[in-house]
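Below you'll find the structure, written out as structure tokens, and then a few comments.
Just so it is clear, the values below take in all heavy atoms, side chains as well, and ignore hydrogens, waters and symmetry mates.
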Amino acid sequence: MKKNDPSIINAWCMYDWANSVHALVIVSSIFPVYFSATAHSASGSADTDFLGYQIKSSVLFSYTVSASFLITALLVPLCTAIADFTGNKKRFMQFFCYLGAISCMLLYFFTKDTLVPSVFLFGLSLVGWSGSIVFYDSYLPDIATEDKFDTYSARGFSLGYLGSVLLLLFNLSMILAPGFYGITDKALPARISFFTVGVWWILFAQIPFRYLPVNKVYKEKTGNWIFNGFVELKRVFMKLRQQPFLAKFLSAFFIYTMGLRTVMYVATIFGATELRLPSQSLIVTVLLIQIVGIIGSFTFAWLSGKIGNIFALMVGVAIWVGICTGAYYTTEAMEFYFVACAVGMVMGGIQSLSRSTYSKLIPENIPDTASYFSFYDVTEKLAIVVGTFIYGTVENLTGSMRNSILALLVIFVLGLILLYRIPSKKAYHYQMQDSKS
């Protein structure tokens with residue numbers, strides 16, 4: 001297959017455009033605000049009655065995220081191994097995409113009377129989103145040459161930011177001016193927003209599904225197909241153990257992602273609960289993060305070209321240490337907005353650069369890219385599980401989200417130390433060339 005084909009690259013980037021609305025509307029802005037308000041009204045107090053247990057709504061939100069990504073971490077490695085063995089990478093990507101999108105559409109029925117099933121639907125939307133991403137990411141080394149990884153990865157994230165902002169602006173207009181759309185129920189605009197996420201996701205996903213190649217493989221299929229999937233996974237794992245720089249990167253990635261993605265999932269809840277900011281202000285803040293994030297993605301791609309991927313990542317993680325310090329002392333709305341701008345600058349940049357760095361570290365021209373990326377994905381998902389669980393548990397034990405922020409600060413410092421152990425760009429290029437010989 002010809003690499004760097006503009007039509008295929010653009011189609012690949014469009015999946016970021018399609019799925020990023022979930023990260024913005026469902027994870028970061030409208031849904032967390034609606035979830036907090038609806039969960040409180042369901043019990044009439046700060047605690048929520050969930051399956052017979054009294055639990056704070058913010059803790060329930062964190063634990064739901066943890067459980068969803070734990071399920072994904074257990075499920076995806078098997079799916080990716082089977083996808084590589086059977087050549088059905090795109091089929092698995094489609095399955096998870098439709099699972100997540102349909103779950104979002106069903107959140108339209110989220111009211112105080114449907115809290116429990118809605119929590120499960122939120123969890124399924126996370127499983128679908130995160131499951132599809134691993135197959136999406138695994139296409140990058142298949143369709144692009146190494147020198148283009150940073151640029152194309154940044155382009156995808158930037159398109160994702162842009163597309164999600166457009167949909168959020170539409171949804172925000174419904175929330176702020178429901179009368180313009182003939183809506184009288186105050187809760188209805190938010191629920192319509194959840195439905196539009198699913199429609200947008202499915203609609204624009206058809207572009208990559210149309211143009212992305214099917215990863216046809218030519219392996220003798222003997223025995224049970226599930227058993228063969230485990231064999232494929234074990235084979236890739238043995239290869240990973242032979243590449244020490246890749247293993248070191250995954251350990252560092254696990255730690256700093258633990259903090260980064262936790263912030264992504266709980267920032268809005270923090271603003272609503274700890275600072276008691278109005279819903280409109282929180283949503284506008286998340287919108288600001290997305291706009292700044294477009295600049296951040298390309299800034300870090302440029303920075304990696306100047307100082308190398310690892311050093312650029314270290315700069316980003318160091319900024320995160322400063323962000324956590326600032327967030328701990330934040331008490332005013334204006335301070336929160338300033339911290340949010342800093343988050344936007346490094347959020348997308350680090351995610352984009354992490355994806356491209358991993359793509360550079362894995363061997364070139366391999367047929368089982370989905371299995372390789374399953375380890376990257378599982379590392380990320382387990383980081384989210386641990387990070388959100390730590391955040392929710394610290395808050396639950398101490399009664400303050402600020403103590404949870406201190407825990408995240410320690411996590412980022414540890415991630416910075418682990419990144420420091422990894423050699424520069426030239427060093428790991430030398431190691432890759434040596435391993436190929």
Step through the shown structure and confirm whether more than 12 heavy atoms of other residues, nucleotides or ligands are within 6.0 Å of [atom1] on [X].
X	atom1	result
R91	CZ	no
Y181	OH	yes
F195	CZ	no

Got a second to check how far L418's CG is from F249's CZ, nearest 0.5 Å? 12.0 Å
If I take atom CD1 from residue I202 and atom OH from residue Y98, how far apart are they, to the nearest 0.5 angstrom? 7.0 Å
Evaluation steps, side chain to side chain donor-acceptor pair (under 3.5 Å), between S132 and N19: CA-CA 9 Å; S132 68; N19 78 80; 5.9 Å; no
Y358 ring center within less than 6.0 Å of F253 ring center: no
For residues W320 and F412, establish whether the separation of their ring centroids is below 6.0 Å. yes
F194 and F31 aromatic ring geometry - parallel, tilted or perpendicular at 30°/60° bounds: perpendicular
Ring geometry between H22 and W201 (parallel below 30°, tilted from 30 to 60°, perpendicular above 60°): tilted
I319 side chain near M345 side chain, heavy-atom distance below 4.5 Å: no
So which of Y136, F204, Y211 actually passes ring pair (Phe, Tyr, Trp, His ring centres under 6.0 Å) with Y15? Y136
With no hydrogens and no angle check, do the side chains of S193 and Y34 hold a donor and an acceptor under 3.5 Å apart? no
